[in-house]
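Here is the structure we will look at.
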Number of protein chains: 2
Amino acid sequence: MNGFLGTYSVNMDEKGRLNVPSKFKAILEKSYDSNLVVAVMDNFLIAFPQKEWQINEEKLSSLSGLEREDRQKMREFYSRASECELKSGKILVPQFQREIAGLNKEVVLVGMSKSFEIWAGDRWNKL
Amino acid sequence: MNGFLGTYSVNMDEKGRLNVPSKFKAILEKSYDSNLVVAVMDNFLIAFPQKEWQINEEKLSSLSGLEREDRQKMREFYSRASECELKSGKILVPQFQREIAGLNKEVVLVGMSKSFEIWAGDRWNKL
DNA sequence: AGCATAGTGTCTTAATGTGTCATAAAGTGT
DNA sequence: ACACTTTATGACACATTAAGACACTATGCT
């Protein structure tokens, strides 16, 4: 089976939840589980299935924990990540990440094979 | 057996589904399965059998999901693709791809050996 | 404890996607 | 040219999905 593909426009509710498109849900159910990790990248978010996140984590662990720049990189990555379980078909994006990514109502989900990105509608349209 | 050959004119229904010509269906049944991936190329679409798509995907797999430029490349590729299963002899082309390719009722399918192209009738006729 | 805020489950409606069938059109063999 | 077979079209009914509303729960704070 393929990974996450395509671009979906969804609406976030007032509490910051967004409906995961059924195609993405099917992939999660089939190849993964309901645990996602959402990380910040520049001005958008990346949602990793738990399993894929772990692969990244291993890549990062090759960096030394004793070098200043490495620690800096790791800090950026870990400090702004969060665990987001898929519940009732939706995920709740935490407040602080919504702010960083500038998420309002209109949100765009972009398939990236092993992960998918979460963009504010206006930022995506300006690309 | 040969790959996809020839040019077929078909009508899309109001929901965005189009009938795959029986010659193409026969090839899918024989050499592939019902899973297709449709990608955007400029102002038309390309439909790959799953197996052929994977060859493309493998070329990208060396890219890191954590580097900005790599993500950029991946995004172009994945964000505009979609999985389109052949169901009841038809495929449903998602809204966003229909818009990009300017598909209305009259659609032209063009065999390209290992894949086939999907054109809006008017764009095809202007070539 | 009581309040405010953030998070969660459930339901309704509207929109989108899917399966099936009848008819029309095209293609095939004699 | 004819009857027969296969394929495409369009219509319709049905199923699924997304959006939003709302009520309930959990959490943290004073």
Side-chain angles (χ1 to χ4, degrees), chain A residues 4-30 33-38 45 47 82-101 103-111 116 118-121 124, chain B residues 4-30 33-38 45 47 81-100 103-111 116 118-121 124:
Chain A
F4 304 102
L5 292 178
T7 304
Y8 296 87
S9 178
V10 298
N11 291 340
M12 214 169 58
D13 69 17
E14 338 80 74
K15 306 294 189 67
R17 282 189 298 180
L18 46 87
N19 226 320
V20 176
S22 62
K23 295 257 182 184
F24 285 8
K25 258 186 267 186
I27 295 166
L28 289 170
E29 274 165 27
K30 187 142 195 200
D33 60 23
S34 61
N35 286 107
L36 295 168
V37 176
V38 177
L45 308 175
S82 77
E83 224 171 87
C84 293
E85 202 184 344
L86 186 73
K87 283 171 183 161
S88 312
K90 302 173 184 188
I91 54 173
L92 176 71
V93 179
Q95 177 70 29
F96 81 93
Q97 290 184 332
R98 274 182 266 156
E99 280 167 19
I100 296 171
L103 302 187
N104 294 303
K105 189 174 173 195
E106 197 207 340
V107 168
V108 175
L109 302 185
V110 186
F116 60 90
I118 303 172
W119 287 82
W124 174 255
Chain B
F4 304 102
L5 293 177
T7 304
Y8 296 86
S9 176
V10 298
N11 290 341
M12 213 170 59
D13 69 17
E14 338 80 75
K15 307 291 188 70
R17 284 190 297 180
L18 48 87
N19 225 320
V20 176
S22 62
K23 296 256 181 181
F24 286 7
K25 258 186 268 186
I27 295 166
L28 289 170
E29 273 165 28
K30 186 142 196 199
D33 60 23
S34 62
N35 285 107
L36 294 169
V37 176
V38 177
L45 308 176
S82 76
E83 215 172 274
C84 294
E85 203 183 345
L86 188 73
K87 283 171 183 161
S88 313
K90 303 173 184 188
I91 55 172
L92 176 72
V93 179
Q95 175 73 26
F96 81 94
Q97 291 185 330
R98 275 182 266 155
E99 280 168 18
I100 296 172
L103 302 187
N104 294 302
K105 191 173 174 196
E106 197 206 341
V107 168
V108 176
L109 303 184
V110 185
F116 60 90
I118 303 172
W119 286 82
W124 175 254

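Residue numbers start from 1 in every chain, and the chains themselves are labelled A, B, ... in the order their sequence lines are given, proteins ahead of strands. Just so we're clear, the structure is a prediction, and the values are computed from it rather than from any experiment.
- Looking at which nucleotide of DNA chain D each of B:Tyr8 and A:Val10 is closest to, the 5′-most match is held by B:Tyr8.
- Of the two residues near DNA chain C, B:Arg17 and B:Lys23, the one whose nearest nucleotide lies more 5' is B:Arg17.
- The listed nucleotides are D:dT9, D:dA8, D:dA18; the one nearest the side chain of B:Lys90 is D:dT9.
- Proximity of A:Ser22 to the phosphate of D:dT16: no side-chain N or O atom is located under 4.0 Å from OP1 or OP2.
- Across every non-hydrogen atom of A:Gly89 and A:Asn19, the tightest pair is O-OD1, 3.4 Å.
- Comparing atom distances between the B:Lys87 side chain and each of D:dA19, C:dT18, D:dT7 picks out C:dT18 as nearest.
- Using a 4.0 Å heavy-atom criterion, one finds that B:Val20 contacts the sugar-phosphate atoms exclusively.
- In this pair, A:Phe24 and A:Tyr8 present their aromatic rings perpendicular. The plane angle is above 60°, beyond the 30 to 60° band.
- Smallest separation of non-hydrogen atoms from B:Lys15 and B:Arg98: O-NH2, 3.4 Å.
- Closest approach to the A:Lys15 side chain among C:dG7, C:dG17, D:dT17 is made by C:dG7 (side chain taken as heavy atoms from C-beta onward).
- When heavy atoms are screened at a 4.0 angstrom cut-off, B:Ser88 is found touching base atoms of the nucleic acid.
- No contact: B:Asp13 has no heavy atom under 4.0 Å from any strand.
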